[in-house]
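Residue numbers begin at 1 in each chain, while the letters A, B, ... track the order of the sequences.
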Amino acid sequence: MEQKIAVKVDDLTVAYNYKPVLWDIDLEIPEGVLMAIVGPNGAGKSTLIKSILGILKPIAGSVSIYDKPYDKQRSLVAYVPQKGSVDWDFPTTALDVVMMGTYGSLGWIKRPGQKEKKAALEALEKVGMLPFKNRQISQLSGGQQQRIFLARALVQNASIYFMDEPFQGVDATTEIAIINILKELRKAGKTVIVVHHDLQTVPEYFDWVTFLNVKKIATGPVKDIFNDDNLTKTYGINYKVSIQE
Amino acid sequence: MSNAQLEIQVIASLVAIACAIPGTFLVLRKMAMISDAISHSILPGIVIGFFITQDLNSPLLILLAAITGIITVVLVEYIQKTGLVKEDTAIGLVFPVLFSIGVIMIAKNANDVHLDVDAVLLGELAFTPFDRLIISGADVGPKSMWIIGSILIITIGLLIAFFKELKVSTFDAGLSASLGFSPAVIHYGLMTVSSVTTVGAFDAVGAILVVALIIAPAATAYLLTNNLKRMLLYAICFGVFSAISGYWLAHVLDASISGSITTMLGLLFFMVYLFAPNKGVIAVMYREKQQRTEVSLLTFLLHLKNHTEESERHVNHLNEHINWQKVRSKTVLDLALKNNMIQFDKNIVSLTEKGDEFTSKAIDYIITNKDAQIEHMKDDFFLFRG
Ligand SMILES: Nc1ncnc2c1ncn2[C@@H]1O[C@H](COP(=O)(O)OP(=O)(O)O)[C@@H](O)[C@H]1O
Ligand SMILES: [Mg+2]
């Protein structure tokens with residue numbers, strides 16, 4: 001069986017102020033995987049996602065989503081940025097943030113209506129945040145803020161989900177709740193790409209992994225390539241993971 | 001109240017509304033300083049426009065000056081992008097240069113230009129009713145009123161049309177870009193509106209008041225609400241209130257109108273800064289005091305829970321053991337008693353059932369930081385909020 005490629009990255013090089021932070025990345029992400037992107041701080045994980053989503057302009061290379069450029073495939077993609085990238089003191093409520101996920105399908109000028117509100121409420125329900133829908137976002141805990149971001153991505157009803165450190169600053173209960181939703185998405189045939197920090201949980205949570213540190217070190221099924229060799233190449237130090245059997 | 005007085009207040013209020021709208025987004029984007037840069041660096045644009053049109057109110061002049069405003073923004077961003085200096089430094093580098101070019105141009109042509117630097121910085125609201133717009137012989141009102149009125153209508157139209165885009169790109173530029181709402185387009189749109197508003201308003205109220213009207217009402221509104229639409233509304237109200245009350249203050253004191261309006265803006269901000277219900281200085285101080293007391297309470301309850309021996313729980317020993325001053329101890333004891341968390345038995349303090357349960361829950365919460373179960377506790381105690 002030939003598996004479809006959801007995301008394809010070719011010879012991608014990205015720089016800030018002419019200093020490359022991603023060098024010549026080639027990457028193929030098959031449809032329907034739950035993939036972790038791992039690498040040390042400053043490895044360029046966030047940069048990679050932003051370049052795939054057209055938020056940053058690469059200095060070389062190209063990206064395609066199901067064989068077409070990102071511009072043409074926006075509606076297929078949902079994005080959860082790193083939590084720290086927004087101002088949580090912004091004057092708005094949880095429900096309103098989730099509604100933002102519907103803006104893409106509305107396009108310019110058109111306003112969200114009842115249909116969008118209903119979708120947003122359903123997404124809030126799914127992440128267990130319905131009771132907090134009218135709460136100002138700065139009054140939410142770190143875990144609750146992550147759930148709101150997840151709900152916002154769910155409301156986009158996409159085929160491919162990009163999530164930048166969705167487990168950052170969340171408690172154990174929230175982490176389990178989030179990973180269960182991600183696994184559900186995969187079961188529904190979606191492709192989920194997650195920047196992840198906790199190496200211990202990679203084999204338990206994910207079936208696909210990409211090692212990144214400025215260059216791509218390796219990419220493939222967790223069971224084949226998640227080993228000390230690749231970890232050492234990525235993190236520089238001699239790495240030993242004790243994977244519980 | 002004379003007709004001229006009324007017209008001045010209408011013009012000042014229109015300027016206030018036109019400034020509050022872009023101001024709200026500039027404040028939320030933490031870009032308030034850019035309005036300062038724009039308001040000064042448009043001077044050369046105004047001077048060149050004036051040479052060409054000989055009319056301070058000509059649309060061409062407004063356009064030229066607004067372009068200078070955009071050039072300022074582009075220059076600031078370009079310098080910032082080199083990574084050599086921070087944004088505020090870049091702003092500080094750009095606008096004095098452009099402003100002085102304007103000043104030199106005025107000085108060199110002082111004879112044929114009736115335009116002076118003071119007028120640009122401070123404006124002269126009192127004179128605005130004298131420059132009338134005459135359409136086929138009929139007097140339809142002061143020119144400035146029409147100019148700022150038109151700018152305001154366009155601004156409101158853009159706000160209504162692009163409210164959702166402004167909101168998402170201000171809150172989360174990354175998401176906005178991924179959804180196809182280019183943050184750069186929205187950014188330059190906002191900058192264009194800010195520039196045009198500044199230019200349209202400077203003749204009437206001067207550059208300094210424009211900056212004050214852009215920043216102060218929005219900053220004041222930010223302290224009072226957690227809702228973007230309400231923040232816009234409050235900012236507009238504060239702007240208009242300051243404009244009108246400032247006008248009458250100037251009337252009473254026989255002082256500059258712009259100066260008085262700016263003073264009112266400052267006063268209003270200061271009052272709200274002190275007394276705002278949640279974000280005000282006094283509210284924050286009160287909350288911190290509450291939190292300190294509650295931490296003390298918890299420490300105290302925990303001490304009782306951990307020590308079964310009576311000597312540790314004797315009233316006389318508690319002061320020494322927990323090492324608080326008398327006042328603190330009394331507040332804490334009162335609070336615990338009021339909530340039925342402790343009981344006395346011949347000067348020996350012990351936890352009630354309720355107190356015991358509360359202590360276990362609170363400790364559990366602090367250790368695990370689980371948020372779901374603890375919601376009802378948050379309502380009782382400040383400690384668990386935020
Ligand atoms: N806006 C920016 N301007 C300049 N350098 C940046 C910017 N964002 C990130 N970088 C740099 O790019 C590198 C990769 O960053 P990032 O993609 O955020 O890494 P990661 O997400 O893997 O921690 C880092 O060295 C970082 O300092
Ligand atoms: Mg990152």
- What do you reckon, are the aromatic ring centroids of B/Phe163 and A/Trp108 less than 6.0 Å apart? no

- Message: Using heavy-atom distances under 4.5 Å, tell me whether A/Gln156 contacts chain B through its side chain, its backbone, both, or neither.
- Response: side chain

- Mind checking the OG1-CD1 spacing from B/Thr155 to B/Ile17? Nearest 0.5 Å is all I need. 10.5 Å

- Query: Quick one: what part of A/Val77 sits under 4.5 Å from any heavy atom of chain B, side chain, backbone, both or neither?
  - Reply: neither

- Between A/Val98 and A/Leu124, what is the shortest heavy-atom contact and its length? CG2-CD2, 3.9 Å

- What about the rings of A/Phe162 and A/Tyr79, do their centers lie closer together than 6.0 Å? no

- side-chain hydrogen bond (donor to acceptor under 3.5 Å, both in side chains) between B/His187 and B/Glu77, intermediate numbers included: CA-CA 12 Å; B/His187 172 74; B/Glu77 275 161 17; 2.5 Å; yes

- Contact origin within B/Phe171 toward chain A - heavy atom pairs under 4.5 Å: both

- Message: Please classify the contact of B/Ser182 with chain A as side chain, backbone, both or neither, using a heavy-atom distance under 4.5 Å.
- Response: backbone

- Message: Is A/Asp96 close to chain B through its backbone or its side chain, or both, or neither, when contacts mean heavy atoms under 4.5 Å?
- Response: side chain

- Message: With a 4.5 angstrom heavy-atom cut-off, is it the side chain or the backbone of B/Asn227 that approaches chain A, or both, or neither?
- Response: backbone

- Within residues 18-29 of chain B, contacts to chain A at heavy-atom distances under 4.5 Å involve B/Leu28

- Item | Selection from A/Pro81, A/Ser105, A/Gly107 maximising heavy-atom pairs under 4.5 Å formed with chain B | A/Gly107

- Can we call the ring centroids of A/His197 and A/Phe167 under 6.0 Å apart? no

- Query: How about B/Tyr234 and B/Phe241: are their ring centroids closer than 6.0 Å?
  - Reply: no

- Query: Where on A/Leu140 is there a heavy atom nearer than 4.5 Å to chain B: the side chain, the backbone, both, or neither?
  - Reply: neither

- Message: Going by side-chain hydrogen bond (donor to acceptor under 3.5 Å, both in side chains), A/Tyr66 matches just one of A/Lys8, A/Lys4, A/Glu31, A/Gln73. Which one?
- Response: A/Glu31

- Note on the structure: Between the CD atom in A/Gln146 and the CD atom in A/Glu175, the distance rounded to the nearest 0.5 Å is 10.5 Å

- Between the NZ atom in A/Lys190 and the CG atom in A/Leu34, the distance rounded to the nearest 0.5 Å is 14.0 Å

- Note on the structure: Under 4.5 Å to a heavy atom of chain A? For B/Thr225 that would be backbone

- Query: B/Lys30 versus chain A, heavy atoms under 4.5 Å apart: side chain, backbone, both or neither?
  - Reply: side chain

- Query: Side chain of A/Thr174, backbone of A/Val170: donor and acceptor closer than 3.5 Å?
  - Reply: no

- Query: In terms of heavy-atom proximity below 4.5 Å to chain A, should B/Leu232 be classed as side chain, backbone, both, or neither?
  - Reply: neither

